[in-house]
S.K.: 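Take this structure, written in structure tokens, and hold onto it; I'll ask about it next.
All of these numbers come straight from a predicted model, not from anything done at the bench. Quick note on labels: first sequence line is chain A, next is B, and so on, each numbered from 1.
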Amino acid sequence: MKDKKIIAIYGKGGIGKSSTASNIAAACADEGYKVMIIGCDPKSDSSINLLGGQRIPTILGLLRESVDIQEEDIVFEGYNGVKCVEVGGPEPGIGCAGRGIIVAIQKLKSLSKAHLEMDLIIYDVPGDIVCGGFVAPIKKGFVNEAYVLTSGEYMPLYAANNICRGLKKINTPLSGVICNSRDVSREREIVEKFAEELGSELIAFIPKEQIVQDCEREGFSVIEKEPESDIADVYRELARKIMSQKKASNPDPMDDEQLRSLTR
Amino acid sequence: MKTDKISIIHPRPSSIVAALYTLRDLDVDVAILHGPAGCSFKHARLLEEDGVHVLTTALDENGFVFGGHDELVSLIKKAADMFNPDSMAVVGTCASMIIGEELHDAVEEAGLNIPVIEVEVHAGYRDNTKGVLMALESAADAGLISDTEYQRQSIILKKATEIEKKHGAASKSYLAPSRGDVKYSVAKRVMDLLKEDKKGIIIMNAKKETGYMFADVILAVNEIAEEMKVRSNIVNMANIDQTLGLPRVRTHARNIMSDFKEFGIEIHEIIGGMDEYAIAGEYVRKAIQEKYSDYDFAIIAGVPHAIPADVISGMEIISVTNGPRQVLPLKEMGHEHVVVEIDLHPRTLGVSSIVESEFGATLREIKKELHSQKNEEFAA
Ligand SMILES: Nc1ncnc2c1ncn2[C@@H]1O[C@H](COP(=O)(O)OP(=O)(O)O)[C@@H](O)[C@H]1O
Ligand code: SF4
Ligand SMILES: [Mg+2]
């Protein structure tokens, strides 16, 4: 079996995981890699920008209707051949989304031959590791690298640090910290320091750009819609880093006081 | 395409329990249920009679919220110390599976140097045979059974599931439990058939250890036929091939066969192994087509609904089941008489020789009456 990258991108809700993930996916596809993106957020919006703004049926949505599911019902081809899968979930406030992720990933693995052939599989997971179900991608999806996405703001850093606690608990190495900028003061310096404290490194600094929003409004990734833009280069650089990343170590989360003083 | 789905509203055995019995058949010494203390209690107790130590991590409200990883690890270690087992199993429950507990992590962390089977099962599967399959799959992974045995069992289980849906407890949305026909009347009918010189096939098609009691039906009918000097009118068939199935299942077959021998009973046709109750119908078909197509009646004990109706059509059927919800489906299959051995299973656990059945006891009572009648006639 060839070396396969199975990564998960964690970070506070709204910080930019899905848009970063789809840009990484698109950039890797352009490089000729076989890529799959598996959206694990009940919002099921991970792959939307790879599919021209369209939504695809979700695994749990189909399971709920007790239909006989085939691979082609849940794996869709998006930009440049990127395979897109959405786990879906129950309606907010009902049932158990965590269990949903476990069931969906088991289903996907039992059905999909495609994921065997991939060079890169990206699990786009919901904001926080709130319960056992949210580590299912790692445990049952054989994720071998985790990345944390944060800005230099206190709350996203706080969430990122908590996630590292979770990763440590489940013995999953951290392969890098990505900064998705929110234009706050000393941002690069803060996130760099944060990564260092964790025993990891800052592997990309993505600027905050209107262009990301504009592409999203039309239903596209930056890579697809604005390949010539500067930020597209940043995504491509990040994609290359991820594909060649060999280092990873169990994160050493900071305590609250340390974290507080980091941002002061 | 929508899958065919009727919602079944009567309670049925769960996959967790099915997994536990399978682990018992695999001769696992200790099975740890990772879940609430009361989960599968009744069967856990019965399995203890059968020599398996069943333990529970007793997850409570806190366990549901915070997980029970540490408790599981320490219980695995504790169980190893207490019972010195050769093999162990860790079994999931709804509670632990919903919250995403990882059995494997706990087993790794406990680091025992014996095989530990992990079964990530819960009670929410539609077919409880899923629990059996999951246990067997993990056993194959742990190297406790061969791949061939796993394949063989998968085929049988598939067939068993089919039969349950067609003619068993999963055949209808609701099945009321029933005590079946009065044993005395049915026993009388058996005697009448024998008296009329009718030819009968006595079939035991039993699921594993339940054979210890269903075999008694063969014994009793043979005794009464002997008394009436019509033994040559009946043939016996039983699924007690001693070369098939897991070691424990073969032992049951050996025990029952040696009891038959001791009582001078010949089994004319072996219709498969004791785990082959779901496919024994085909052996029966072949035997009947070749030799017994002119027989008048059949007595089928164990899993009577696994014998296809066309195989025994034209015969008067007396079936003996241990499922109170099996009565109606059997009647619908055309079985004229259905008797139920209530609570049979618990009495077949932890035994190694044939146990008297109620129907057998009733037949023997009638035999006594017959005997004294004869004596009276003789005296008169
Ligand atoms: N570098 C960026 N510049 C500008 N807007 C961004 C950038 N990254 C993400 N966004 C925007 O932030 C919003 C939230 O991003 P999203 O990827 O949905 O977050 P998450 O998946 O972490 O919840 C989106 O509207 C997205 O377009
Ligand atoms: S609901 Fe599931 S976990 Fe709870 S007792 Fe029943 S079978 Fe066990
Ligand atoms: Mg998202």
Side-chain angles (χ1 to χ4, degrees), chain A residues 8 40 42 57 59-74 87 89-90 94-107 109-111 123 125-126 128-143 162 165-173 250, chain B residues 1-8 15-16 34-36 57 59 61-73 90 92-111 118-127 130-131 133-134 137-138 141 154 165 170 173:
Chain A
C40 298
I59 301 179
L60 291 172
L62 293 172
L63 282 175
R64 181 180 197 165
E65 288 166 30
S66 321
V67 290
D68 222 5
I69 304 177
Q70 308 296 324
E71 180 167 12
E72 59 266 28
D73 301 328
I74 51 172
V87 159
I94 306 171
C96 180
R99 179 68 198 165
I101 299 177
I102 297 173
V103 170
I105 287 175
Q106 279 167 347
K107 188 81 199 170
K109 280 185 51 196
S110 73
L111 282 183
Y123 281 94
V125 278
D128 301 297
I129 305 179
V130 289
C131 73
F134 292 74
V135 295
I138 291 185
K139 291 294 186 181
K140 307 201 189 295
F142 300 122
V143 164
N162 260 342
R165 280 207 184 107
L167 293 176
K168 186 178 175 185
K169 176 115 194 101
I170 59 177
N171 237 322
T172 302
N250 275 355
Chain B
M1 190 193 75
K2 283 251 181 200
T3 38
D4 53 52
K5 215 177 186 183
I6 54 167
S7 71
I8 294 167
S15 295
I16 301 174
H34 188 32
T57 51
L59 282 186
E61 193 83 278
N62 267 350
F64 298 162
V65 177
F66 301 110
H69 173 84
D70 296 345
E71 287 80 356
L72 180 55
V73 174
V90 181
T93 63
C94 315
S96 56
M97 292 299 100
I98 290 170
I99 65 173
E101 291 280 278
E102 288 292 333
L103 303 181
H104 183 68
D105 287 1
V107 169
E108 287 244 296
E109 196 175 322
E118 302 151 16
V119 194
E120 292 199 341
V121 66
H122 58 62
Y125 297 104
R126 219 177 126 68
D127 305 323
K130 176 86 180 172
L133 274 172
M134 289 174 117
E137 207 176 327
S138 308
D141 286 347
S154 311
K165 285 186 182 157
S173 166

S.K.: Using the rule given for side chain to side chain contact (heavy atoms under 4.5 Å, CB included), can you reason through A:R99 versus B:H122, listing the C-alpha separation, both sets of side-chain angles and the distance that settles it, and then say yes or no?
M.R.: CA-CA 12 Å; A:R99 179 68 198 165; B:H122 58 62; 3.3 Å; yes
S.K.: Please report the interatomic distance CD1(A:I102) to CD(B:E102), rounded to the nearest 0.5 Å.
M.R.: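 Answer rounded to 0.5 Å: 7.5 Å.
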S.K.: Considering residues at least two apart in sequence or located in another chain, which fulfil the ring-ring contact (aromatic ring centres under 6.0 Å, His included) criterion with A:F142?
M.R.: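 Residues passing ring-ring contact (aromatic ring centres under 6.0 Å, His included) with A:F142: none at all.
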S.K.: Given heavy-atom pairs under 4.5 angstrom as the criterion, report whether the side chain, backbone, both or neither of A:Q70 touches chain B.
M.R.: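 No part of A:Q70 comes within 4.5 Å of chain B.
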S.K.: Relative to chain A, which of B:I98, B:V65, B:I99 shows the most heavy atom pairs under 4.5 Å?
M.R.: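 Ranked by heavy-atom pairs under 4.5 Å with chain A, first place is B:I98.
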S.K.: Does atom NZ of A:K169 have more than 12 heavy-atom neighbours, drawn from other residues, nucleotides or ligands, at distances under 6.0 Å?
M.R.: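 No, the 6.0 Å shell around NZ holds no more than 12 heavy atoms from other groups.
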S.K.: Using the side chain to side chain contact (heavy atoms under 4.5 Å, CB included) rule, take A:K139 and B:D105 through it: C-alpha gap first, then chi angles, then the decisive distance, then the call.
M.R.: CA-CA 10 Å; A:K139 291 294 186 181; B:D105 287 1; 2.5 Å; yes
S.K.: Just jot down the side chain to side chain donor-acceptor pair (under 3.5 Å) partners of B:N62, sequence neighbours excluded, or say none.
M.R.: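 With neighbours one apart ignored, the set is empty.
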